[in-house]
Each structure stands twice: as C-alpha cells, then as structure tokens.
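First comes the structure, then the notes that go with it.
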Number of protein chains: 2
Amino acid sequence: MELRGGIRPGGRSARVQASVHAAVGRLLARETRASITIPMIAAEAGVTPSTIYRRWGELQELLSDVAVERFRADTPPADTGSGRGDLEAWAEQYVEEMGSAPGLAMIRDIIAAQSGSGNATRCCTITRAQIEEIGARASARGERFPDTDAVIDGVVGPIMYRILFWESPDAEYGRGLVARLYAGEAG
Amino acid sequence: MELRGGIRPGGRSARVQASVHAAVGRLLARETRASITIPMIAAEAGVTPSTIYRRWGELQELLSDVAVERFRADTPPADTGSGRGDLEAWAEQYVEEMGSAPGLAMIRDIIAAQSGSGNATRCCTITRAQIEEIGARASARGERFPDTDAVIDGVVGPIMYRILFWESPDAEYGRGLVARLYAGEAG
DNA sequence: CCTGCAAAAGCAAATGAATTGCTTTTGTGG
DNA sequence: CCACAAAAGCAATTCATTTGCTTTTGCAGG
C-alpha cells in the first residue's frame with residue numbers, strides 16, 4: 001500500500017477504501033478472525049475481489065490498515081488534575097484496551113503485516129502524541145513531566161512486551177510502571 | 001499444534017517434524033518469506049502437503065514454530081566478570097540479533113501465529129532463563145543483581161517495543177537501558 | 001459543457017493452494 | 001508375531017489468488 005498518500009478525498013478510491021474498511025469492521029464483529037477471506041470482504045463491501053487484491057495485495061495488509069484505524073480511534077487522555085495522575089489513568093486504559101482480546105488481535109494484525117507498511121510506526125506516533133498531550137498539560141501547570149522517550153521506555157514498552165510475550169497485565173501493573181518512572185526521574 | 005508434547009523422540013512424527021523444520025530453514029535462506037507456500041515446503045521436505053496441513057493447520061503456525069527454535073539457538077550469555085557487564089553485553093547482543101532483518105522477521109512470525117500456540121511465551125521464558133543465568137552468576141560473586149522482572153521491564157520490553165513499533169535501536173541504546181535500570185535499583 | 005486520458009474497478013478464465021474422505025504405512029504394546 | 005491406533009500418503013474437490021482484457025470514473029484542457 002504505497003498509494004495511501006495519493007488518494008483524493010471524495011474520489012472513487014476513497015469510497016472503495018471506506019466501504020472495504022467498513023466491511024472488514026462488520027465482518028470482524030460477526031466472524032472468526034481466521035474465517036475471514038478476501039472474497040468474503042469483497043462481497044460484504046460490494047466490490048470485486050480483484051480490486052482488493054490489487055490495492056492491498058494480501059489480507060494481512062488490509063487487516064493491518066483497518067487495525068491502525070481502530071488504534072487511532074481512542075479517546076483523548078483524561079485530565080485528572082496532575083501529569084502523574086493523567087499518566088496513570090492513561091496507562092491503565094492502555095493496558096486494558098491493548099491487553100483485551102480484541103486489542104491483542106488488533107496489535108497482532110498490525111505487526112504481522114509483511115510489508116510492514118509503516119502501520120506499527122503509525123501506532124507509536126499516535127501513542128507518542130497522546131503522551132505529549134499529557135506532558136503539555138503538565139508543563140502548562142508548571143509541573144515537571146518525563147520525556148516522551150522515557151515514558152515510552154518506562155511504561156509503553158514494558159506493557160506491550162507483557163501483552164505480546166507473556167500475559168496481559170492488570171491496571172495495577174501500569175500504575176507500578178508509572179511509579180517507578182517517577183521514582184527514577186526524581187533521583 | 002497441541003500435539004507437540006506428545007511426540008516421542010525418534011518416532012515417525014519426530015522425523016517428519018525435523019525434516020519439515022529443516023526444509024523451512026533451507027527455504028527461508030533461499031526464497032522470499034512471502035513466496036514460501038506449504039506445497040513448496042512439503043516438496044522440499046519430501047512429505048505430502050496434507051501432512052503439513054494436518055499437523056500445523058496453516059503456514060503461519062509452522063513458521064512460528066521454526067522461529068522459536070531459532071530464537072532458542074542463541075549462545076549462552078558471555079561472562080564479562082560482573083553482572084552489570086554481562087547484562088550490558090547481553091542487551092547489546094539482544095538488540096543486534098532481534099533488531100536485524102532476519103531477527104525481526106522471526107519475531108513477526110512468532111507473534112503473527114493466530115492460535116498463539118504459546119510460542120511468544122516460550123520466547124519470554126527463554127529470555128528470562130538467560131537473564132537468570134546472568135543473575136545467578138552475579139549472586140555467586142556476591143553482587144546485587146536486579147530482579148528478573150525488573151530486567152524484563154527495564155531492558156527487554158523497551159528494546160522489543162522499539163524494534164517492533166519504531167526502528168531497530170543500536171547497541172548504545174541497550175547499554176543506556178541497563179544504566180538506567182542500575183540507577184533506579186540503587187536509589 | 002464536451003472530450004480525451006489515465007487511473008481504478010469489473011469481469012472471467014486459468015492457476016494453484018487448502019481441504020477432506022479414504023487407503024496405506026508405521027511403530028508400539030500386548 | 002500380531003493387532004491396533006496414530007500418522008502419512010493419495011487424489012479428487014473446493015475455493016482463494018492471479019491476470020489479461022474491458023469498462024467505468026473523474027479530472028483537465030479545450
């Protein structure tokens with residue numbers, strides 16, 4: 001999918017992409033992940049399979065694209081009154097969403113896409129933007145707030161590793177990481 | 001693949017599994033990841049495709065199994081004289097191996113396997129064992145050494161996150177994580 | 001507005017992977 | 001040595017994927 005940038009909004013390409021993405025969404029709610037096929041999506045979206053094959057190449061790529069969209073659709077970080085509180089709340093929610101069965105499936109789809117169409121990077125960018133939003137609010141209040149990289153390394157990375165390679169942690173785990181991060185920063 | 005446990009060494013099952021795994025290894029060296037198909041592997045291994053379909057179900061599962069094997073095949077952690085030195089050396093090597101193109105492909109294959117046959121968990125267990133080996137040596141020398149969980153959260157998680165969601169970091173990054181871990185432990 | 005052009009979508013045939021019922025082989029336990 | 005169960009082979013069938021060609025679409029220039 002290197003043509004993403006070249007799609008004019010409102011054109012036929014955009015309409016097809018939208019209806020295909022929507023079709024995938026509906027199917028993901030209705031069918032098993034493994035049972036979904038490109039012809040099935042094509043039928044649901046009202047396009048011919050070859051259109052999908054030509055635009056996305058393989059199922060994984062399409063699923064990956066749809067997954068990033070869902071990743072993006074998160075609500076903005078809550079404002080609890082302090083940077084640390086915001087980060088704790090955000091980490092809890094992150095653990096919960098990404099660690100859930102649908103969240104995990106989403107992440108798998110994003111990572112599994114062969115041509116690594118930059119979808120994983122896109123997720124990281126979205127995550128960073130959310131952290132920076134919290135950080136900006138904290139700065140506006142005159143608080144010290146850890147660097148985005150430090151939050152990624154101290155909170156996001158460990159959470160994602162547990163989810164992918166061990167078992168989904170609980171909200172407490174997220175709070176603990178934030179606590180350790182603040183302990184380290186302070187020293 | 002829930003039959004892994006039930007394979008008797010030396011039996012026919014074991015032989016088939018070995019020749020299929022070996023065939024995948026040879027093909028991975030010779031062909032593009034995307035061009036490899038089950039019939040191709042079957043031909044290379046000298047078995048019929050249906051055997052592979054019945055035992056692994058889908059290509060991804062088989063590739064995932066082969067990938068863990070390669071993950072396991074790492075050399076034991078070097079002994080540099082101190083726990084911290086060992087951990088730094090280990091982190092550097094981990095970054096290098098996992099962040100390389102073949103390493104990344106391997107990890108993708110492991111994570112992508114639908115039925116999450118426990119292969120990702122297996123990797124984590126292997127990683128933990130290596131960390132514990134370093135820790136045991138450190139303890140034997142009378143040094144303080146961080147908890148395995150702390151190393152996972154402070155070093156392994158962040159590295160893996162960068163590799164999967166951003167871009168492969170360099171060896172310096174690994175050393176930095178170890179330094180931060182020790183700084184935090186000390187305080 | 002109309003017309004031409006390029007890009008994308010549809011169609012349909014052909015290719016080849018996945019699935020499955022049935023048969024044969026293999027190795028272990030009696 | 002024999003019987004039995006598990007796994008592998010075989011082959012026919014189904015269905016996903018690929019591809020050449022035709023049709024539609026929407027934008028640009030006249």
Side-chain angles (χ1 to χ4, degrees), chain A residues 1-24 26-28 30-66 109 112-115 117, chain B residues 1-24 26-28 30-66 109 112-115 117:
Chain A
M1 258 217 83
E2 57 296 339
L3 35 82
R4 185 186 283 100
I7 295 178
R8 274 171 248 235
R12 187 169 44 154
S13 281
R15 280 201 308 279
V16 168
Q17 171 161 338
S19 74
V20 168
H21 278 208
V24 172
R26 266 172 281 140
L27 285 171
L28 278 172
R30 176 143 42 89
E31 310 270 345
T32 321
R33 213 343 283 275
S35 72
I36 296 177
T37 65
I38 288 186
M40 195 184 281
I41 296 167
E44 179 77 27
V47 300
T48 54
S50 63
T51 294
I52 298 181
Y53 283 116
R54 281 205 247 253
R55 279 189 58 168
W56 283 277
E58 49 165 21
L59 181 58
Q60 202 51 247
E61 209 60 35
L62 170 53
L63 290 171
S64 173
D65 278 7
V66 172
D109 281 339
Q114 298 255 355
S115 83
S117 46
Chain B
M1 258 219 85
E2 58 295 340
L3 36 81
R4 184 186 285 101
I7 294 179
R8 274 170 249 236
R12 185 169 45 153
S13 281
R15 279 203 307 279
V16 168
Q17 172 161 337
S19 73
V20 169
H21 278 207
V24 171
R26 265 172 281 140
L27 285 171
L28 278 172
R30 174 142 46 87
E31 309 271 344
T32 320
R33 209 350 279 276
S35 71
I36 296 176
T37 65
I38 289 188
M40 193 184 282
I41 295 167
E44 178 78 25
V47 300
T48 54
S50 63
T51 295
I52 298 182
Y53 285 116
R54 280 203 247 255
R55 279 187 58 166
W56 284 276
E58 47 165 21
L59 180 58
Q60 202 50 246
E61 210 60 36
L62 170 52
L63 290 171
S64 174
D65 279 7
V66 172
D109 281 339
Q114 299 254 356
S115 85
S117 45

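Proteins come first, then strands; the chains are lettered A, B, ... in the order of their sequence lines, and each starts at number 1. Everything numeric here is computed off the predicted structure, so don't read it as measured data.
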* Structure fact -> Contacts of B:Glu58 and A:Ser50 projected onto DNA chain C by closest heavy atom; the upstream (5') one is A:Ser50
* Asked: Where the side chain of A:Arg54 is concerned, which of C:dG10, D:dG26, D:dT17 is the nearest nucleotide?
  -> C:dG10
* **Atom pair CE (A:Met40) and CD1 (A:Ile52), whose distance is rounded to the nearest 0.5 Å** => 11.5 Å
* Proximal nucleotide (of C:dA8, C:dG10, D:dA8) relative to the A:Ser13 side chain -> C:dA8
* Structure fact -> The reported gap from CG in B:Leu62 to CZ in B:Arg55 (rounded to nearest 0.5 angstrom) is 10.0 Å
* **Atom pair distance, as rounded to whole Å: CD in B:Gln60 and P in C:dA17** => 17 Å
* Round to the nearest Å and state the distance from A:Trp56 atom CH2 to C:dA9 atom P. => 8 Å
* Asked: So, A:Thr32 side chain and A:Ser35 main chain: donor-acceptor pair closer than 3.5 Å or not?
  -> no
* To do: Find the distance between CG (B:Asp65) and NE2 (B:His21) and round it off to the nearest 0.5 Å.
  => 5.0 Å
* Asked: What integer distance in Å separates A:Gln17:CD from C:dA7:C1'?
  -> 15 Å
* Whole-Å distance separating the CD1 atom of A:Ile52 from the C1' atom of D:dT18 -> 15 Å
* Reckon A:Arg15 has a side-chain N or O less than 4.0 Å from the OP1 or OP2 of D:dT25? -> no
* Please determine if a side-chain N or O atom of A:Thr37 lies less than 4.0 Å away from the OP1 or OP2 oxygen of D:dA16. => yes
* Asked: Could you give the OH-to-P distance, from A:Tyr53 to C:dG16, as a whole number of Å?
  -> 15 Å
* Between C:dA12, C:dA9, D:dT17, which nucleotide has the shortest distance from any of its atoms to the side chain of A:Ile38? -> D:dT17
* Asked: Is there a donor and acceptor pair, one atom on the side chain of A:Arg12 and one on the base of C:dA8, closer than 3.5 Å?
  -> yes
* Asked: OP1 or OP2 of C:dG10 less than 4.0 angstrom from a side-chain nitrogen or oxygen of A:Thr48, does that happen here?
  -> yes
* Would you tell me if any nitrogen or oxygen in the side chain of A:Thr51 comes within less than 4.0 Å of OP1 or OP2 on C:dG10? => yes
* Checking salt bridge (Lys or Arg N to Asp or Glu O under 4.0 Å) for the pair B:Glu44/B:Arg30: CA distance, chi angles, key distance, verdict? -> CA-CA 12 Å; B:Glu44 178 78 25; B:Arg30 174 142 46 87; 2.9 Å; yes
